[in-house]
Amino acid sequence: MHHFFYKNEELYCENIPLKKLAAEVGTPCYVYSHSTLQHHFNVFDGAFANVSHLTCYSVKANSNLSILRLFGSMGGGVDIVSGGELFRARKAGIPPERIVYSGVGKTVEEIDFALKEGILMFNIESTEELDAINSRAGILGCRARIALRVNPDVDPKTHPYISTGMKKSKFGIDVESALQAYEQAKNLDNIEILGVDCHIGSQLTEISPFVDALKRLRLLLDRLDAMGVSIRYLDLGGGLGIPYDQEAPPHPTDYAQAILQELKGLSCTLIFEPGRVIVGNAGILLTRVLYTKKTESKNFVIVDAGMNDLIRPSLYGSYHQIQPLQRKSTETQIVDVVGPICESGDFLARDRTLPVVASGDHLAVMSAGAYGFTMSSNYNSRPRAAEVLVKGDRYYIIRQRETWEDMVRLEEVAEFSQD
Ligand code: LLP
């Protein structure tokens, strides 16, 4: 469910015609719907209303301060993976006791920052990291609260680049080694064991991998109990998918039901780290047609958004629906929608049937709220797009379009000495 819809053949976000927005803010531009963000957060969080839980929105999906602030105001916490994300979360007012910190490569500076802020827990991914965090906590005179990220070795049946819970992946610690690591953690002076963590992948469209992982985690929890390790938090990560095309991922309430069924009799507080399922369909990328071009083998629609703005189609071959802002033609054409970047991999859609469009028309690339802006870059020295949040009949620019000057701000022309 989202609040992008046609009225009189014109595409709206909530009460704003997107054509008006494109004219006023320019393109390319990310547009998010406040009602959709709120609704998705409530549906996910509400699905666990009857059990003790914390929804820690995964900042990497969309890290704009206004969006973090919104979820924080709704009682949400966050899952972070870097000092930069912690900085954002704190700036947006997320209380430290609602922050969990994942990721395989935390640096000393990042660990210190998180310890000083007093976050809820580190999700630790290796025994070397455990030692490092113990030692930094000792130096700073505090105790680090931790969970170990367990790799349950299940196949999430998603794109290999976003599968994280299989043996061959760099993430987490396998079950047997995790037991040893918990034993080690028990004896560390500056470590307080709080939980068990697991995240198996992203854009999962079936429930069974989640359930398989949980079954393995339950066995681990029993063994930890027998070892005298008490676990207060069970962090089940994120990963629930959204419909981009024809997929039919489970609804959050079905996901919750399956999980709660599996966890009967357990008294931990549950933590979830959803990203995409909350923001994915709450955002679009607005773009303008620059030119159309017909070659012997293809019809190209060349738009002003490229792989630097939305890399998912190029990187994963992902499908994003594309819709015109103004529906005027019923005539269709098979086209490649491509950006201005000097790479053949720069496309938003390939061999797509679209209504016939012309230079100056606008298109909406749908379901771009997650891993859209956050994965954008300045490649080809293209300023990053503006971000706009629509609420009812008002809109707010929540990130200005970058300027050329912004792009070179940190650069210096080296003055070489003459000798
Ligand atoms: N927790 C951890 C530890 C994660 O690594 C991730 C995502 C999440 C939570 C949130 O997962 P979600 O609920 O959004 O599926 N760039 C890719 C997705 C990468 C996901 C990385 N980790 C894409 O555009 O599809």
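Because the structure is a prediction, the values reported are computed rather than measured. All residue numbers in this chain count up from 1 along the given sequence. Counting starts at 1 for both ligands and their atoms, in listed order.
- For ligand 1, the polar-atom distance check against Ser102 finds no nitrogen or oxygen pair separated by under 3.5 Å.
- Residue Asp79 has at least one heavy-atom neighbour below 4.0 Å for each of these atoms of ligand 1: 1 (N), 2 (C), 9 (C).
- Heavy-atom contacts of Gly275 reach the following atoms of ligand 1: 12 (P), 13 (O), 14 (O) (cutoff under 4.0 Å).
- Judged by the 6.0 Å and 45° rule, Arg350 forms a cation-pi pair with Phe347.
- Close approach of ligand 1 to Gly238 (heavy-atom distance below 4.0 Å) involves ligand atoms 9 (C), 13 (O).
- For atom 22 (N) of ligand 1, the candidate residues are Glu273, Glu125, Lys60, Arg149; the nearest heavy-atom contact is made by Lys60.
- Checked by distance only, ligand 1 and Val277 stay at 3.5 Å or farther apart across all their nitrogen or oxygen atoms.
- Ligand-side atoms of ligand 1 in range of Gly239: 11 (O), 12 (P), 13 (O), 15 (O), range being under 4.0 angstrom from any heavy atom.
- Contact atoms of ligand 1 toward Arg276: 12 (P), 13 (O), 14 (O), 18 (C), 23 (C), 25 (O) (distance under 4.0 Å to a heavy atom of the residue).
- Against a heavy-atom cut-off of under 4.0 Å, Met375 is close to the following atoms of ligand 1: 16 (N), 24 (O).
- Because its NZ or CZ atom is both nearer than 6.0 Å to the ring centre of Tyr101 and within 45° of the ring axis, Lys106 counts as a cation-pi partner of that residue.
- Taking the ring axis of Tyr371 as reference, the NZ or CZ atom of Arg312 does not stay both within 45° of it and closer than 6.0 Å to the ring centre.
- Ion pairing of Glu129 with Arg136 is absent here, as no side-chain N (NZ or NE/NH1/NH2) approaches a carboxylate O to less than 4.0 Å.
- In the vicinity of Pro274, heavy-atom distances shorter than 4.0 Å reach the ligand 1 atoms 13 (O).
- Between Asp212 and Lys215, none of the side-chain N atoms (NZ, or NE/NH1/NH2) sits under 4.0 Å from a carboxylate O, so this pair counts as no salt bridge.
- For ligand 1, none of its N or O atoms has an N or O atom of Ser58 under 3.5 Å away.
- In summary, Arg143 and Asp189 do not engage in a salt bridge, as defined by a charged side-chain N under 4.0 Å from a carboxylate O.
- Figure legend: cation-pi geometry between Arg90 and Phe113 absent, as NZ or CZ is not positioned both under 6.0 Å from the six-membered ring centre and within 45° of its axis.
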Show, in sequence, the C-alpha distance, side-chain angles and deciding distance for Phe41 and Tyr57, and conclude whether the ring pair (Phe, Tyr, Trp, His ring centres under 6.0 Å) test is met. CA-CA 9 Å; Phe41 185 89; Tyr57 165 71; 8.0 Å; no
